[in-house]
Amino acid sequence: MNYFIFKTEPSGYSIDDLKRDKKTSWGGIRNYQARNILRDDVKVGDLVIIYHSSCEVPAAVGVANVLKTGYGDPSQFDKKSHYFDAGSKQNDPRWFAVAIAFTEKFKNPISLPAMRLESSLSNMRLLARGNRLSVFPISKRHFETIRTLGA
DNA sequence: GCCAACGTTGGC
DNA sequence: GCCAACGTTGGC
């Protein structure tokens, strides 16, 4: 079992949207490092911290679980989509998505500054200077710390 | 809106 | 393959 953080801008898709939808296809990722993680590392049953970025209070806001491993992100083939990629082939997709389901919404979302105050989270990638990846693994210890603080 | 950090692109 | 220019992310 592996653990990840997925970032999202709540103005686009929030934990409340996921709670309402119960499950969703997590795509629109156009960064090769993140793509590789979605394609190769995210497995069914893995757990994901959902993080709200670029918003009033950037924070870890809940948990999701993985329903389906990496598949070609449909939006890359949709000419009308912002994520359309003319260079990607149906039989050899360039970009990947995974399906996730809502697990829980935190009663106590943990803001970015609050996470920085937590010494046990100090070496987490989310807090690293200049980190811009929107999908990345975290340790079981970090996952459980965040889940416990948020519950 | 500013700016630091990082990724991508393209000329050479 | 180097590197400058440009684009994007995301906190503040």
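Chain letters run A, B, ... following the sequence lines, proteins first, then strands; residues in each count from 1. Only this structure's heavy atoms are used, side chains among them; waters, hydrogens and symmetry mates stay out.
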Between the protein and nucleotides 5-8 of chain C, which nitrogen or oxygen pairs come in under 3.5 angstrom?
residue, atom, partner, partner atom, Å
C:dT8, O2, A:R132, NH1, 2.3

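- Applying the 4.0 Å criterion to OP1 and OP2 of C:dG10, one finds that A:K7 has a side-chain N or O inside that range.
- Atom CZ of A:R116 is separated from atom P of C:dG11 by 9 Å (rounded to the nearest Å).
- Using a cutoff of 4.0 Å between basic side-chain nitrogens and carboxylate oxygens, A:D16 and A:K19 are not scored as salt-bridged.
- Rounded to a whole Å, the CG atom of A:L112 is 18 Å from the P atom of C:dT9.
- Hydrophobic clustering, with ILVMFWY side chains joined whenever heavy atoms are under 4.5 angstrom apart, groups A:V42 together with A:M1.
- The 12-atom threshold is exceeded at CZ of A:R116, counting heavy atoms of other residues, nucleotides or ligands nearer than 6.0 Å.
- Aromatic ring centroids of A:Y83 and A:W95 lie 6.0 Å or more apart.
- Applying the 6.0 Å contact sphere to NZ of A:K89 captures no more than 12 heavy atoms from other residues, nucleotides or ligands.
- Under the 4.5 Å side-chain heavy-atom criterion for grouping Ile, Leu, Val, Met, Phe, Trp and Tyr, A:L127 is connected to A:I138 within one hydrophobic cluster.
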Problem set entry | From CA spacing to verdict: side chain to side chain contact (heavy atoms under 4.5 Å, CB included), A:I49, A:H142 | CA-CA 10 Å; A:I49 298 283; A:H142 288 157; over 6 Å; no

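- A:F143 and A:Y3 have tilted rings, their planes meeting at an angle from 30° to 60° on a 0 to 90° scale.
- Distance A:I5 CD1 to C:dG10 P: 12 Å, rounded to the nearest Å.
- Between A:D73 and A:R35, no side-chain nitrogen of the basic residue sits less than 4.0 Å from a carboxylate oxygen of the acidic one, so the salt-bridge criterion is not met.
- Contacts with DNA chain C (heavy atom under 4.0 Å) in residues 46-55 of chain A: A:Y51, A:S53, A:S54, listed by number.
- The backbone N or O of A:R94 lies less than 3.5 Å from a partner atom in the side chain of A:Q76, making a donor-acceptor pair.
- The separation between A:F136 atom CZ and C:dT9 atom P is 15 Å, rounded to whole Å.
- In this structure, A:F96 is not a member of the same hydrophobic cluster as A:F77, with clusters built from ILVMFWY side-chain heavy atoms closer than 4.5 Å.
- Atom CG in A:L127 sits about 16 Å away from atom C1' in C:dC12, given to the nearest Å.
- Distance, A:R125 CZ to C:dG10 P: 13 Å, rounded to whole Å.
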Nucleotide N/O of nucleotides 1-3 of chain C paired with protein N/O under 3.5 Å:
none

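- Atom CD of A:E56 and atom P of C:dG11 are 13 Å apart (whole Å).
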